[in-house]
Amino acid sequence: RSVGVIGAPFSGGQPRAGVERAPDLIRAAGLLTRLQEQGYAVKDYGNLQFEALLDGLQRVRSVGGANRKLSEAVQEVKRDGHTCVMLGGDHSLAIGSVHGHAAAVGDLSVLWVDAHADINTPLSSGTGNIHGQPMAYLLHELRDQIPAQPSFSWVQPCVSARDVVYIGLRDVDPAEHYLLKRLGVKVFSMTEVDQLGVARVMEETCDYLSDKVKKPIHLSYDVDAIDPSVTPATGTPVAGGLTYREGVYIAEHIAQTGLLSAVDLVEVNPLLCGEAGVSSTVSTALTLLLACFGRLRQG
Ligand SMILES: N[C@](CCCC[B-](O)(O)O)(CCN1CCCCC1)C(=O)O
Ligand SMILES: [Mn+2]
Ligand SMILES: [Mn+2]
């Protein structure tokens with residue numbers, strides 16, 4: 001039972017500065033010590049050093065370069081035998097995190113917990129922000145929808161649509177909805193969370209993911225999946241999110257599968273609200289991560 005922590009202080013997938021500060025804030029909240037107290041050997045691989053962000057049309061080059069570095073770092077953590085924790089940074093970092101994880105372990109399942117589907121292609125995105133596109137780069141089924149871009153030639157799609165489950169969706173763009181339907185991706189939007197309850201959602205998620213062969217799980221947790229009343233310090237807040245308890249339950253349930261192989265915790269931005277909101281967001285992020293590694297509310 002060992003964990004490797006990578007800090008990825010990168011904001012280039014979206015326009016709001018501040019998200020690059022989150023790795024050190026989450027460490028300062030006690031992540032490493034608390035994981036050790038939970039019985040894990042913990043190795044901190046430190047923060048990746050990224051080049052200065054390029055602007056405008058060159059931005060894609062920054063995102064490609066950052067994710068290439070991240071992919072190599074995640075591969076190293078997995079080769080060293082740890083469960084990988086990637087502290088973002090914005091969600092474009094899932095490109096490198098999932099790519100590197102798959103390069104190390106082969107076929108994997110992806111559980112994407114998020115208010116958003118993050119499956120816009122470069123051509124369907126209304127904003128051009130790459131934090132809304134990572135899933136499109138990762139899916140085999142969308143490889144012909146991704147035009148060649150500078151610093152992205154290293155990215156090979158590595159996930160099959162049937163191995164993806166979404167939980168928490170409540171702000172999905174029309175093009176994204178079309179792609180999710182066409183690819184038949186398993187989605188538990190907030191409607192399903194309301195209808196079924198989080199326990200049934202997790203039961204169905206785990207049945208669905210282990211229906212064929214049990215694969216290592218990559219959990220990509222966007223803090224904006226949680227309701228903004230709990231986690232306001234984030235770039236694209238959307239009302240009607242997961243409660244603190246639902247968010248923790250999801251992590252507790254994934255922990256008990258014993259299949260968690262890598263987790264991303266992204267989109268915490270401390271510059272977007274006051275001190276109380278930052279503190280609530282960071283402590284919730286910490287609690288979600290500790291729940292991923294076996295912390296139970298029952299003690
Ligand atoms: N789908 C959006 C939001 C992406 C959020 C990224 B995440 O999940 O990592 O935080 C655009 C959202 N949409 C834009 C038009 C107005 C309504 C919201 C996009 O920019 O692609
Ligand atoms: Mn989101
Ligand atoms: Mn996201």
Side-chain angles (χ1 to χ4, degrees), residues 8-20 22-23 59-60 63 66-67 70 86-99 110-139 142 145-146 149 159 164-181 185 187-190 193 218-242 246-247 250-251 262-273 281 284-285 288-289:
F10 184 73
S11 67
Q14 50 82 61
R16 291 162 289 272
V19 71
E20 72 284 352
R59 172 60 59 89
V60 65
V63 177
N67 275 292
L70 178 58
M86 189 280 283
L87 303 175
D90 71 69
H91 221 160
S92 67
L93 292 165
I95 297 169
S97 181
V98 174
H99 182 274
V110 178
L111 178 54
W112 199 278
V113 183
D114 200 326
H116 311 93
D118 297 359
I119 196 171
N120 273 303
T121 71
L123 302 178
S124 79
S125 171
T127 62
N129 297 334
I130 299 181
H131 74 156
Q133 305 174 37
M135 187 60 82
Y137 286 88
L138 295 168
L139 288 175
L142 294 182
Q145 304 289 323
I146 308 292
Q149 295 177 111
V159 177
V164 174
V165 174
Y166 282 97
I167 299 176
L169 300 192
R170 54 191 186 275
D171 180 10
V172 178
D173 298 339
E176 295 182 300
H177 183 249
Y178 168 78
L179 290 173
L180 291 173
K181 284 292 175 200
V185 178
V187 171
F188 294 101
S189 74
M190 289 308 297
V193 172
H218 187 112
L219 171 62
S220 205
Y221 218 128
D222 185 329
V223 82
D224 72 27
I226 308 294
D227 191 86
S229 63
V230 177
T231 55
T234 193
T236 51
V238 184
L242 296 167
E246 290 168 332
I250 290 167
V263 54
D264 310 321
L265 195 293
V266 296
E267 296 284 351
V268 172
N269 188 331
L271 298 187
L272 300 179
C273 64
T281 305
T284 301
L288 293 174
L289 287 169

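Remember, it's 1-based here, ligands and their atoms both numbered in the order they're listed. Here the structure is a predicted model, which is why all the values come from computation and not from measurement.
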Using a strict cut-off of 4.0 Å, indicate which atoms of ligand 1 neighbour a heavy atom of [X].
X: Asn120; answer: 1 (N), 21 (O)
X: His91; answer: 9 (O)
X: Thr127; answer: 19 (C), 20 (O), 21 (O)

Does an N or O from Glu267, backbone or side chain, lie closer than 3.5 Å to an N or O of ligand 1? yes

Heavy atoms of the protein only: does one fall short of 4.0 Å from atom 19 (C) of ligand 1?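 Yes, because at least one protein heavy atom sits under 4.0 Å from atom 19 (C) of ligand 1.
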
Atom 5 (C) of ligand 1 protein-contacted, heavy-atom criterion under 4.0 angstrom: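 There is a protein heavy atom less than 4.0 Å from atom 5 (C) of ligand 1.
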
Indicate yes or no: at least one non-hydrogen side-chain atom of Ile226 is less than 4.5 angstrom from one of Leu242.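 Contact flag for Ile226/Leu242 side chains = yes.
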
Any side-chain heavy-atom pair from Leu139 and Val164 closer than 4.5 angstrom? yes

Would you mind telling me if ligand 1 is within reach of the side chain of Asp171, the backbone, both or neither, using heavy atoms under 4.0 Å?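 Within the 4.0 Å criterion, Asp171 contacts ligand 1 through side-chain atoms alone.
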
Region of Asp224 engaging ligand 1 - heavy atom pairs below 4.0 Å: side chain

Work out the angle at the Mn ion (ligand 2) between ND1 of His116 and OD2 of Asp222, rounded to 10°.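 Rounding to the nearest 10 degrees gives 170°.
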
Among the N/O/S atoms of Asp114, select the one at the shortest distance from the Mn ion (ligand 2) and name it.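 Per the distance ranking, Asp114 contributes OD1 as its closest N/O/S atom to the Mn ion (ligand 2).
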
Measure from atom 2 (C) of ligand 1 to every heavy atom in Asp222, Asp114, Asp118, Asp173 and give the option owning the shortest one.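 Shortest heavy-atom distance from atom 2 (C) of ligand 1: Asp173.
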
Of Glu176, His116, Gln133, the one whose closest heavy atom lies nearest atom 3 (C) of ligand 1 is His116

Straight-line distance of [X] [atom1] to [Y] [atom2], nearest 0.5 Å:
X: Thr234; Y: His91; atom1: OG1; atom2: NE2; answer: 10.5 Å
X: Ser92; Y: Asn129; atom1: OG; atom2: CG; answer: 9.5 Å
X: Leu87; Y: Asp264; atom1: CG; atom2: CG; answer: 9.5 Å

I'd like to know: is the Mn ion (ligand 3) within the 2.8 Å range of an N/O/S atom from Asp118, strictly under that distance? yes

Can you name the N/O/S atom of His91 that is nearest the Mn ion (ligand 3)?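 Considering only N, O and S atoms, His91 comes nearest to the Mn ion (ligand 3) through ND1.
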
Given 3.5 Å as the limit, does a donor-acceptor pair link the side chain of [X] with the main chain of [Y], or not?
X: Arg170; Y: Ala225; value: yes
X: Glu176; Y: Ile119; value: yes
X: Asp222; Y: Asp224; value: yes
X: Tyr221; Y: Val263; value: no
X: Asp118; Y: Gln133; value: no

Taking 2.8 Å as the cut-off, does an N/O/S atom of Glu267 lie below it from the Mn ion (ligand 2)? no

